[in-house]
Amino acid sequence: MIPLRLKIDAEATQPYVVRLRNFEGVGQPPDQIHPLEAVLETVDGEKSIFSGPTGTLQVFGVDPSELDGDSILVVPSRKIAHRLIRANSRHNTLLVTERCDQLCVMCSQPPKKQHVDMLPFFETAVLLAPWNSTIGLSGGEPTLFKYSLFAFLRRAMARRRDIDFHILTNAQHFDWADLALLGDIDRDRILWGVPVYASDGAVHDQIVGKPGAFDQVKKSLSVLCEAGARIELRTVLMRPNATALLDLARFVTTALPFVETWAIMQLENIGYGRQNWHSLFFDSSMQFEPVGKAVDFALSRGISTKLYNFPLCTVPAHYRAYAPSTISDWKRTYIEDCTQCSLRAECGGFFEWHPKVHGYGRFGAI
Ligand code: SF4
């Protein structure tokens with residue numbers, strides 16, 4: 001698995017963000033180094049020594065060629081650094097908070113009470129990100145800190161006009177008064193990922209563990225629609241909602257035709273998803289019909305419909321075109337069968353933590 005946390009030893013004492021550079025093998029390093037860059041000086045066994053504006057930084061256990069261009073948050077007191085933006089990845093997501101006001105039965109990152117404001121560090125990291133990046137913002141629930149979040153977006157988007165954001169939100173905190181906030185930022189450069197699990201409010205509320213959540217998500221979607229925001233509707237496929245997926249497709253096509261994409265997503269076996277796996281996992285490799293019917297219906301009504309996190313061999317051939325590779329690089333794995341598979345190049349594989357014995361019933365090389 002790609003490490004997102006590095007073991008370090010830093011000369012500085014306070015946390016800071018820096019971009020790592022490695023000019024090994026480059027004939028002539030550039031004359032000018034960015035003021036927030038640290039450059040590789042030497043490699044000593046498992047230890048790479050960088051030097052930059054905040055002094056020397058030793059990074060342990062990672063080949064420095066893999067770190068070139070990464071923006072990291074160095075936390076000297078804990079002797080760790082977080083790889084906030086990996087230069088050679090399309091899957092960079094910044095965790096705005098671990099707090100959340102929902103308690104979803106399949107939450108992959110169960111919420112915590114404490115909150116530390118990381119947005120100032122994230123802002124620096126975004127400014128150092130590679131050209132034309134799309135950066136994910138997630139939680140917890142990022143809009144619990146709505147005003148700080150919008151201020152961050154305004155500043156970052158003004159300074160980096162090439163960068164887009166993909167923000168995951170439970171859509172419990174938008175109000176009509178937010179039209180001004182939403183109108184203040186470039187709506188075309190933000191995709192809001194909003195979960196809706198069922199057309200029956202009671203089922204949705206039960207899945208997210210919050211009475212009234214469905215009504216609030218509908219209101220927030222109206223606000224986002226009115227603001228002209230781009231919306232990716234996200235539905236995790238689970239036993240409690242699988243058989244009613246066609247009803248949800250009808251709801252999406254009639255009540256939410258303005259969404260850019262409807263994503264039906266397979267479950268992650270981590271966090272509460274692992275704890276509740278046996279009551280939640282719907283094996284679509286053995287029973288694809290409810291998914292197929294929902295996809296057919298939504299597509300027939302002009303809704304761009306996708307299957308996220310489905311290994312291609314678990315999906316009937318006719319539907320594979322709707323199943324892009326979506327599992328983040330650092331969470332993704334392939335099994336032995338995959339080496340022989342003709343679909344390996346376009347397939348997103350499995351979650352690293354997908355269970356070997358009680359996962360999909362049908363899979364394998366094609
Ligand atoms: S065998 Fe592996 S590469 Fe092939 S479709 Fe299945 S998961 Fe994807």
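Every number for a ligand or one of its atoms is a count from 1 in the order of the listing. Basis for what follows: all heavy atoms, side chains included, without hydrogens, waters or symmetry-related copies.
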Q) Are Arg161 and Asp186 within salt-bridge range, i.e. N to O under 4.0 Å? A) no
**Q.** Pairwise side-chain hydrogen bond (donor to acceptor under 3.5 Å, both in side chains) hits with a residue in residues 231-247, at least two apart
**A.** His166-Glu232, Glu232-Arg234, Glu232-Tyr308, Thr235-Trp262, Asp247-Arg250
Q. Please, which pairs that meet side-chain hydrogen bond (donor to acceptor under 3.5 Å, both in side chains) have at least one residue in residues 343-354, sequence neighbours excluded?
A. Glu268-Trp353
Q: Pull up every protein N/O/S atom sitting under 2.8 Å from atom 8 (Fe) of ligand 1, skipping waters.
A: Cys347 SG
Q: Answer yes or no for Arg301 and Phe297: cation-pi contact, defined as NZ/CZ to six-membered ring centre under 6.0 Å and angle to ring axis within 45°.
A: yes
Q) With ring centroids as reference points, do Phe121 and His82 lie under 6.0 angstrom apart? A) no
Q | Atoms in ligand 1 with a heavy atom of Gly364 nearer than 4.0 Å | A | 1 (S)
Q. At a 4.0 Å threshold, what atoms of ligand 1 neighbour a non-hydrogen atom of Ala365?
A. 1 (S)
Q: May I have all residue pairs that pass salt bridge (charged side-chain N to carboxylate O under 4.0 Å, His left out) and include part of residues 191-211, sequence neighbours excluded?
A: Asp101-Lys210
Q: Please report the shortest heavy-atom distance between Ile163 and Val126, naming the atom on each side.
A: CD1-O, 3.5 Å
